[in-house]
There are 2 protein chains.
Amino acid sequence: MNTTKKQSRMTRQKRVIMAEMEKACDHPDADTVYLRVKSKLPKVSLATIYRNLEDMAGKGKLLKLTGTTQKTRFDGRTDTHYHFHCVQCGRVEDTSVPPLKELSEYVAREVDREIWWHRLDFFGFCSSCRKTKQSVQGEV
Amino acid sequence: MNTTKKQSRMTRQKRVIMAEMEKACDHPDADTVYLRVKSKLPKVSLATIYRNLEDMAGKGKLLKLTGTTQKTRFDGRTDTHYHFHCVQCGRVEDTSVPPLKELSEYVAREVDREIWWHRLDFFGFCSSCRKTKQSVQGEV
DNA sequence: TTATTTGCAAACAGTTTGCAAATCA
DNA sequence: TGATTTGCAAACTGTTTGCAAATAA
């Protein structure tokens, strides 16, 4: 639970990071952002990049394309199916959503790609956790 | 490029790991599998679990629910949209697939969940890499 | 017999954190 | 001035790897 009201102060680093993210169209990772910011502020540190990106994501200013799970999980079922992840208890459940074959074909045709596989993951509260909700940090 | 023809040898460890994965319905992570196998073979090591799960995934005997990207990436665009990941060059592109709102509602109703967000990722060769394909390891 | 697989520990990669110095308001 | 933010280095977590000993075929 985070009830601390922390106010934000504008810094040179923050300004450059925000500017870089606004013009970036390539979904850069933290290290790439670091390199770009470093070219303008040579003394910036990677930790500052991480701290600021995390912060911006928390404020909804950008999306964090994290792995869907912290740790890799393994699934004995190998046919195409999709998962639901409970953000509170961490449970992963199979859904009954049917394979989105046409969608895959559409994305393939879009700009002449070749799609090998796709994945669809839902996040939220499982039916048992709905009753006992706690805090959640906004993340995608 | 992996042209080595490595043959597989059945071991006690492998047998137990396979059995555990067959009966598991909870998408366990490597550490969880380790604990389960360890209860039958106390001397087993985590590295063996990783090696075998990796191997099984490579043979299509199970699905690896990896994060969608190795590193976290950040996206300045915050409206609901989906991504395509090129397995060769690593590029991440936005797709024009419209938001799957109804699908999310369907999954919510399925067993009375509360869906907060979802993500859909496509993997394959981008249009420029189609022409210069190299090897890819099977992974999901 | 001998190539494969294991257990162990050390290496790795990405990310986070503690802390004193710098800096924004 | 005084709280926030930084840079640095060290810590952490999940995963991989090198190597000698164990083992399946």
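Residue numbering restarts at 1 for every chain, and letters A, B, ... go by the order of the sequence lines.
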> Can you tell me if A:T11 touches the phosphate of C:dC24, counting only side-chain N or O atoms and a distance under 4.0 Å to OP1 or OP2?
no
> Can a side-chain donor-acceptor contact be found between B:D121 and B:H85 if the only test is distance below 3.5 angstrom?
yes
> Nearest-Å distance, CG (A:L41) to P (D:dT5)?
16 Å
> From CE of A:M10 over to P of D:dT5, roughly how many Å is that when rounded to an integer?
10 Å
> Without decimals, in angstroms, what is the distance between B:Q13 CD and D:dA24 C1'?
11 Å
> Does OP1 or OP2 of C:dG14 have a side-chain N or O of B:T72 closer than 4.0 Å?
no
> If each of B:S45 and A:R9 is mapped to the nucleotide of DNA chain C with the nearest heavy atom, which maps nearer the 5' terminus, i.e. the 5' end?
B:S45
> Does OP1 or OP2 of D:dG7 have a side-chain N or O of A:K43 closer than 4.0 Å?
no
> Please determine whether a side-chain nitrogen of the Lys or Arg among A:D55 and A:R51 lies less than 4.0 Å from a carboxylate oxygen of the Asp or Glu.
no
> Donor-acceptor pair, B:R12 side chain versus B:L41 backbone, under 3.5 Å?
no
> Taking atom P of D:dT6 as reference, at what distance in whole Å does atom NZ of A:K38 sit?
15 Å
> When the nearest nucleotide of DNA chain C is assigned to A:R51 and to A:L46 on a heavy-atom basis, which residue is associated with the more 5' position?
A:L46
> Pairing donors with acceptors under 3.5 angstrom, does anything connect the side chains of B:E110 and A:S96?
yes
> With sugar-phosphate meaning primed atoms plus P, OP1 and OP2, does B:N52 contact a base, only sugar-phosphate, or nothing at under 4.0 Å between heavy atoms?
sugar-phosphate
> Starting at OH of A:Y50 and ending at P of D:dT13, how long is that distance when rounded to a whole Å?
16 Å
> Could you state the CD-C1' distance from B:E54 to C:dT4, rounded to the nearest angstrom?
18 Å
> Do any side-chain nitrogens or oxygens of A:K14 fall under 4.0 Å of OP1 or OP2 in D:dT5?
yes
> Does NZ in A:K61 sit with more than 12 non-hydrogen atoms of other residues, nucleotides or ligands closer than 6.0 Å?
no
> Roughly, in whole Å, what's the span from NZ in A:K64 to C1' in C:dT15?
9 Å
> Kindly say if B:T48 contacts the phosphate of C:dG7, meaning a side-chain N or O under 4.0 Å from OP1 or OP2.
yes
> In whole angstrom, what separates B:K71's NZ from D:dT13's C1'?
17 Å
